Amino acid sequence: MKILVLNGPNINFLGIREPHIYGKSTYNDLLKLIKEHAHNKGVDVSFYQSNHEGDLVDQIQKAYYDKIDGIIFNPAAYTHTSVAILDAVKAVNIPTVEVHISAVDKREDFRQISYISKIAIKTISGKGFDGYIEALDYLKEYLEK
Ligand code: DQA
């Protein structure tokens, strides 16, 4: 089972950006946590992060050719703006779990719209890095059914 963990803009700045919201751990800490968990679960996991919308679209299309089974996706700010990213996930038709580190539902009005949630099989928010772990477990179970 191949799962892609996709992260959008500023996620590479974890540990630096607004630590009172996103915590003090870094993007590399996040990768390490997911890698260890994926290894224990026997899941083949790959990672991609970009600050550019089109790069994320390209990577979603690449997931189709790479025969990726599921995507764990934190589109970050593009969650609230990007029809292109929603359309890309619709196009490849790969089961996708939406993850947000912070509790977006309790934040500013402009964060209350999520385009990706129109296609996501599940949305997890406000659980910090553990949200990615929950997403992996959920996706694995979903794909095994
Ligand atoms: C985020 C929430 C978004 O609103 C924000 O733009 C991000 C990160 C999160 O993980 O909590 O960059 O997706």
Side-chain angles (χ1 to χ4, degrees), residues 1-41 43-64 66 68-143:
M1 183 185 299
K2 295 205 289 188
I3 289 180
L4 169 66
V5 181
L6 201 53
N7 279 291
N10 301 304
I11 299 298
N12 58 319
F13 250 49
L14 287 173
I16 301 167
R17 71 181 296 208
E18 303 174 276
H20 57 292
I21 295 175
Y22 300 109
K24 287 182 184 156
S25 301
T26 66
Y27 178 63
N28 276 337
D29 294 334
L30 176 64
L31 299 195
K32 192 165 172 266
L33 181 82
I34 301 169
K35 264 183 211 162
E36 273 171 19
H37 187 73
H39 179 76
N40 292 338
K41 292 270 171 172
V43 171
D44 177 359
V45 77
S46 57
F47 300 93
Y48 187 82
Q49 187 277 331
S50 178
N51 296 324
H52 306 278
E53 188 175 17
D55 282 352
L56 292 163
V57 171
D58 286 346
Q59 200 61 31
I60 294 161
Q61 291 184 1
K62 184 174 180 291
Y64 174 82
D66 290 349
I68 294 289
D69 299 301
I71 300 175
I72 296 170
F73 196 5
N74 182 351
Y78 290 137
T79 306
H80 319 299
T81 62
S82 181
V83 177
I85 282 175
L86 167 65
D87 283 350
V89 176
K90 278 187 173 175
V92 298
N93 201 25
I94 298 172
T96 296
V97 176
E98 173 186 8
V99 174
H100 301 286
I101 296 163
S102 67
V104 275
D105 51 310
K106 299 197 176 76
R107 297 183 64 194
E108 301 94 325
D109 284 353
F110 63 84
R111 293 185 208 276
Q112 302 314 312
I113 289 171
S114 167
Y115 287 95
I116 197 75
S117 70
K118 310 251 178 278
I119 184 80
I121 58 166
K122 187 179 173 67
T123 297
I124 299 166
S125 80
K127 297 194 172 169
F129 286 9
D130 287 346
Y132 290 84
I133 300 301
E134 193 180 315
L136 192 138
D137 291 344
Y138 183 87
L139 208 41
K140 183 172 187 279
E141 217 169 280
Y142 178 92
L143 292 167

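FYI, side chains are in, hydrogens and waters are out, and symmetry mates aren't considered; it's all heavy atoms of this structure. In each ligand, atom 1 is the first atom listed, and ligand 1 is the first ligand listed. Residue numbers count from 1 along this sequence. Bear in mind the structure is a predicted one, so any value in this text is a computation, not a measurement.
When all heavy atoms are compared, the tightest approach of A76 to P9 is CB-O, 3.3 Å.
In the displayed structure, E108 atom CD is contacted under 6.0 Å by more than 12 heavy atoms of other residues, nucleotides or ligands.
The protein heavy-atom contact nearest to atom 11 (O) of ligand 1 is S102 OG, 2.6 Å. Looking at atom 8 (C) of ligand 1, its nearest protein heavy atom turns out to be Y22 OH, 3.5 Å. In terms of protein heavy-atom proximity, atom 5 (C) of ligand 1 is nearest to R111 NH1, 3.3 Å. The protein atom (non-hydrogen) at minimum distance from atom 3 (C) of ligand 1 is H80 NE2, 3.5 Å. The protein non-hydrogen atom at the shortest distance from atom 1 (C) of ligand 1 is H100 ND1, 3.8 Å. For atom 2 (C) of ligand 1, the closest non-hydrogen atom of the protein is V104 CG1, 3.5 Å.
Residue I101 has at least one N or O atom closer than 3.5 Å to an N or O atom of ligand 1. Among the atoms of T79, none of the N or O lies under 3.5 angstrom from an N or O of ligand 1.
Side-chain N or O atoms of Q49 include one that pairs as donor or acceptor with a backbone N or O of G8 at under 3.5 Å. The backbone N or O of T26 sits less than 3.5 Å from a side-chain atom of D29, completing a donor-acceptor pair. Within the 3.5 Å criterion, the main-chain N or O of I94 finds a donor-acceptor partner in the side chain of T96. The backbone N or O of R107 lies less than 3.5 Å from a partner atom in the side chain of Q112, making a donor-acceptor pair.
The residue from I116, N74, I11 that puts a heavy atom closest to atom 13 (O) of ligand 1 is N74.
Under a 4.0 Å N-O distance rule, the pair K2/D66 does not qualify as a salt bridge.
Distances below 4.0 Å separate heavy atoms of R17 from the following atoms of ligand 1: 7 (C), 8 (C), 12 (O).
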